[in-house]
Asks: 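Pasting in a structure now, in structure tokens, and then I'll have a few things to ask.
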Amino acid sequence: MKVDKPWGYENRWAITDKYLGKILHINAGHRLSLQYHEVKDETIYVLEGSLLLEIGPHHEYADIETGIKMILSKGQSQHIRPGLIHRYSADKGDVTLIEVSTAEIDDVVRLQDDYKRVKQ
């Protein structure tokens, strides 16, 4: 199932009560929300392009500036555990990645969003 997003789109290729599989396509110059998940546990794998990943800290320690930025290239992966603040950005051109996760599809807490989707 293709779902259009303001940053690109996602193809949800596996939706069960135990896990979720998606392919995310992030358009050049765009990024997802700065966010974390209460329960959802996910791992990403870069299929094409270069992903700028902002990661950390855990949301309980968000007043501590300990987050890092890293570039993930084709073939690299990263585990995102529940509570860990993160953001995915297209680094140089479009980027495509696979995301596999637990089934909590709507478990997202947005801290910042370029598309005004943060609930006040």
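Given the structure is predicted, the values throughout are model-derived calculations rather than measurements.
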Asks: Looking only at heavy atoms, which two atoms of M1 and I15 are closest? And how far apart?
Replies: CE-CD1, 4.2 Å
Asks: Take K22 and I98, measure what side-chain contact (heavy atoms from CB on, under 4.5 Å) needs, and give me the verdict at the end.
Replies: CA-CA 6 Å; K22 301 190 288 189; I98 293 176; over 6 Å; no
Asks: Carefully, step by step, assess L51 and Q78 under the rule side-chain contact (heavy atoms from CB on, under 4.5 Å).
Replies: CA-CA 11 Å; L51 179 74; Q78 181 68 45; over 6 Å; no
Asks: With a 4.5 Å cut-off on side-chain heavy atoms, are D94 and E48 touching?
Replies: no
Asks: How far does CD1 of I105 sit from CD of E10, to the nearest 0.5 angstrom?
Replies: 6.5 Å
Asks: State, with a plain yes or no, whether a side-chain heavy atom of H30 is found less than 4.5 Å away from one of L32.
Replies: no
Asks: Quick check for you: to the nearest 0.5 Å, what is the distance between I44 atom CD1 and E99 atom CD?
Replies: 8.0 Å
Asks: Answer yes or no: is there a donor N or O on one side and an acceptor on the other, between the side chain of T102 and the main chain of D41, under 3.5 Å?
Replies: yes
Asks: Minimum heavy-atom separation for G49 to V95, with atom names?
Replies: C-CG2, 4.0 Å
Asks: Which value, rounded to the nearest 0.5 Å, describes the distance between R31 atom CZ and D113 atom CG?
Replies: 9.0 Å
Asks: Following the transitive rule for hydrophobic clusters with a side-chain heavy-atom cut-off under 4.5 Å over Ile, Leu, Val, Met, Phe, Trp and Tyr, establish whether I80 and I26 coincide in one cluster.
Replies: yes
Asks: Could you measure the distance from the CG atom of D91 to the CD1 atom of I71? Nearest 0.5 Å is fine.
Replies: 3.5 Å
Asks: How far apart are the C-alpha atoms of I68 and I55, what are their side-chain angles, what is the distance that settles it, and do they pass the side-chain contact (heavy atoms from CB on, under 4.5 Å) test?
Replies: CA-CA 6 Å; I68 60 169; I55 190 167; 3.5 Å; yes
Asks: Crowded around R81 CZ? As in, over 12 foreign heavy atoms under 6.0 Å?
Replies: no
Asks: Give the minimum heavy-atom separation between Y36 and L111, together with the two atoms involved.
Replies: CE2-CD2, 3.9 Å
Asks: Please examine the side chains of L24 and W7, heavy atoms only from C-beta on, and report whether any two atoms are closer than 4.5 Å.
Replies: yes
Asks: Determine whether W13 and V100 make a side-chain contact, defined as any pair of heavy atoms from C-beta on separated by less than 4.5 Å.
Replies: yes
Asks: With a cut-off of 6.0 Å (strictly less than), are more than 12 heavy atoms of other residues, nucleotides or ligands near OH of Y115?
Replies: yes
Asks: Between L84 and V46, is there a shared hydrophobic cluster once you connect ILVMFWY residues whose side-chain heavy atoms come closer than 4.5 Å?
Replies: yes
Asks: Please report the interatomic distance CG(L53) to NE2(H86), rounded to the nearest 0.5 Å.
Replies: 8.0 Å
Asks: Could you report the tightest heavy-atom contact between T16 and A103, atom names first, then the distance?
Replies: O-CB, 3.5 Å
Asks: If you take all heavy atoms of G29 and A90, which pair is closest and at what distance?
Replies: N-CB, 4.1 Å
Asks: For a 4.5 angstrom cut-off between non-hydrogen side-chain atoms, does R117 reach P6?
Replies: yes
Asks: Enter the distance from E42:CD to E104:CD here, rounded to the nearest 0.5 Å.
Replies: 10.5 Å
Asks: Should the ring pair H25 and Y9 be called parallel, tilted or perpendicular, given that the plane angle runs from 0 to 90° and is split at 30 and 60?
Replies: parallel
Asks: Check R87 with E54, please: is the shortest side-chain N to carboxylate O separation under 4.0 Å?
Replies: yes
Asks: Any side-chain heavy-atom pair from L97 and L47 closer than 4.5 angstrom?
Replies: no
Asks: Report yes or no: does D107 contribute a side-chain atom to a donor-acceptor pair with the main-chain N or O of E38 at less than 3.5 Å?
Replies: yes
